[in-house]
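For reference, the structure discussed in these notes is given below.
In what follows, every heavy atom counts, from backbone to side chain, and hydrogens, waters and symmetry copies are set aside. Within every chain, numbering begins at 1; the chains are lettered A, B, ... in the order of the sequence lines, protein sequences first and strands thereafter.
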Protein chains: 2
Amino acid sequence: MSSKADTPSTKPLSNSQRAFLALRDMIFAGDLAPGSDHLESELAEQLGVSRTPVREAALMLESQGLLELRPRKGVRILPVSPDDMAEIYDVLTELECLAARNAANKGYSEPDLDPLAKAIEDMEVAVAQNDLENWAEADDRFHRALVLLGGNSRAATVFDMMNDQVRRARTVTLFMRPLPVQSNEDHRQVFEAIKAGDAGTADAVHRAHRQNAKNMMLELLKKHRLRGV
Amino acid sequence: MSSKADTPSTKPLSNSQRAFLALRDMIFAGDLAPGSDHLESELAEQLGVSRTPVREAALMLESQGLLELRPRKGVRILPVSPDDMAEIYDVLTELECLAARNAANKGYSEPDLDPLAKAIEDMEVAVAQNDLENWAEADDRFHRALVLLGGNSRAATVFDMMNDQVRRARTVTLFMRPLPVQSNEDHRQVFEAIKAGDAGTADAVHRAHRQNAKNMMLELLKKHRLRGV
DNA sequence: GCATTTATTAACGCATACGTAAATTCATGC
DNA sequence: GCATGAATTTACGTATGCGTTAATAAATGC
């Protein structure tokens with residue numbers, strides 16, 4: 001679920017890194033609400049460390065656009081407005097379509113595409129069971145697998161950053177949306193296009209897919225007056 | 001020349017921010033060579049501050065992919081391999097083409113496009129005078145103005161990060177390349193397409209333009225055996 | 001009673017100090 | 001003479017302390 005590569009190797013994570021992960025999780029879980037302010041010292045106490053690792057974590061999170069360090073006001077958890085979300089979706093669309101084209105052009109064999117196939121399967125099962133949580137998880141997995149198959153590590157890094165924000169918004173909007181039936185069909189078409197080495201189709205289908213997702217999200221945010229998630 | 005917005009307002013920059021800018025400039029100037037290691041304490045002494053602001057700056061630069069903090073080995077200035085450069089160009093291409101399409105669709109009036117026009121003029125003058133330095137500066141200005149006209153602040157932020165790396169490489173390769181004559185013609189076509197509201201043409205022309213730039217850069221890096229700049 | 005100035009508080013930026021663990025050097029045994 | 005282990009060095013991670021300054025409260029003038 002983390003956007004960083006979860007290497008199973010047991011590395012002795014530093015306090016700064018733990019603070020980074022903890023704060024990130026708290027933001028996604030809503031424990032640190034969008035728009036809220038938090039003093040470094042309060043966060044330090046909550047995490048049981050001194051201000052130093054909290055500051056370091058905050059600086060990293062600031063670089064990723066999740067919060068803002070405002071002198072004397074504490075760290076501000078940045079709300080994501082509908083306009084922000086539109087921006088994010090547009091960037092994600094470009095990066096994912098780049099990945100889709102690249103993946104199609106790489107001539108992957110079937111086993112390489114297993115992560116995609118598995119994610120599609122899981123999504124179909126989830127939809128059949130009306131299990132939106134699991135659908136969302138598998139959907140996320142599909143998109144990330146797609147980007148990884150694209151083979152551009154920088155695109156993947158930026159994708160992770162942006163996708164984190166979408167995930168955050170989706171925890172709010174997930175249960176407001178209709179069942180993602182068309183979405184699953186899109187995924188399968190993208191998968192087939194990549195397998196067939198048809199970069200143009202992969203791009204076109206995925207682009208339309210993402211456009212729909214963007215419109216859906218913006219509609220939900222508008223309908224429910226969610227001006228900052 | 002800085003990638004951050006240079007607001008002329010005199011804000012009392014913090015030591016951490018100054019360290020960030022100073023280290024960034026030192027990296028671009030080659031004072032901190034690609035692949036070299038530097039102790040936090042050494043950098044602190046060079047900059048005349050304590051380790052704290054240096055560490056904070058280093059963490060930010062790490063987030064931007066310019067260096068890496070390696071415990072006990074100092075901060076390592078990340079070299080950019082030809083493969084890395086290819087990745088960077090691909091991401092830049094997508095973001096700039098997104099911006100070109102968006103700009104074309106916004107129905108800008110002539111004055112809005114002045115930054116582009118001015119950059120094109122300057123480039124033509126520079127080429128006529130065989131002044132590669134000024135050409136590169138104006139070229140950079142054109143691309144950045146294009147991204148700003150696209151109106152996606154997140155795309156602009158990522159653009160800045162990636163473009164910084166290209167700038168770094170270009171300081172090395174600038175004088176190895178032929179005069180950018182075709183490049184100027186491309187810019188003008190992109191400009192005209194945006195002015196005409198023709199998003200498709202703007203995208204197509206700019207995409208080809210960027211593809212050429214990428215190939216040019218990769219050729220130069222290969223020809224001159226620059227495996228890490 | 002309101003505006004303006006002064007005093008107070010408090011949060012941060014940054015320097016500093018220190019424990020820890022990696023890296024290096026040195027010493028010892030084989 | 002080399003390998004292995006002990007001692008030492010060193011750089012980092014992080015806690016702590018302090019000066020500065022923004023924000024808030026109090027006080028004064030009008």
For atom [atom1] of [X] and atom [atom2] of [N], their distance in whole Å:
X	N	atom1	atom2	result
Asp37(A)	dA23(D)	CG	P	12 Å
Arg76(B)	dA11(D)	CZ	C1'	17 Å
Leu69(A)	dA11(C)	CG	C1'	12 Å
Glu45(A)	dA11(C)	CD	C1'	15 Å
Arg51(A)	dA11(C)	CZ	P	10 Å
His38(B)	dC12(D)	NE2	P	12 Å

* 5'-most by nearest nucleotide on DNA chain D - Gly48(A) or Pro71(A) -> Gly48(A)
* Asked: Is it true that a side-chain atom of Glu96(A) and a backbone atom of His143(A) form a donor plus acceptor pair closer than 3.5 Å?
  ->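 Not a single qualifying donor-acceptor pair exists.
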* Is a side-chain N or O of Thr173(A) found less than 3.5 angstrom from the main chain of Met176(A), in a donor-acceptor match? -> no
* Any donor-acceptor pair under 3.5 Å between the side chain of Ser41(A) and the base of dA11(C)? ->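 Answer is no: no donor-acceptor pair is held.
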* Distance-only donor-acceptor test, Arg72(A) side-chain atoms vs dA11(C) base atoms, 3.5 Å -> yes
* Taking only Lys NZ, Arg NE, NH1 and NH2, and the carboxylate oxygens of Asp or Glu, determine whether Arg168(A) and Asp164(A) approach each other closer than 4.0 Å. =>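 Looking at Asp164(A) together with Arg168(A), the answer is no, because their closest N to O distance does not fall below 4.0 Å.
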* Taking NZ, NE, NH1 and NH2 as the nitrogens, is one of them in Arg170(B) or Asp140(B) under 4.0 Å from a carboxylate oxygen of the other? ->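 Yes, charged N to carboxylate O under 4.0 Å.
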[X] side-chain proximity, nearest of [options]:
X	options	result
Val49(A)	dC14(C), dG13(D), dA15(D)	dA15(D)
Pro53(A)	dA11(C), dT14(D), dA23(D)	dT14(D)
Ser50(B)	dT16(C), dA11(D), dG13(D)	dT16(C)

For [X] and [N], is the shortest distance between a side-chain N/O and OP1 or OP2 below 4.0 Å?
X	N	result
Ser14(A)	dC12(D)	no
Thr52(A)	dG13(D)	no
Asn15(A)	dG13(D)	no

* salt bridge (Lys or Arg N to Asp or Glu O under 4.0 Å), paired with Arg154(A), selected from Asp84(B), Asp90(B), Asp83(B) ->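 Among the candidates, only Asp84(B) passes.
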* What nucleic acid atoms does Glu56(B) come within less than 4.0 Å of, heavy atoms only: base, sugar-phosphate, or nothing? ->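 Contact class for Glu56(B): none.
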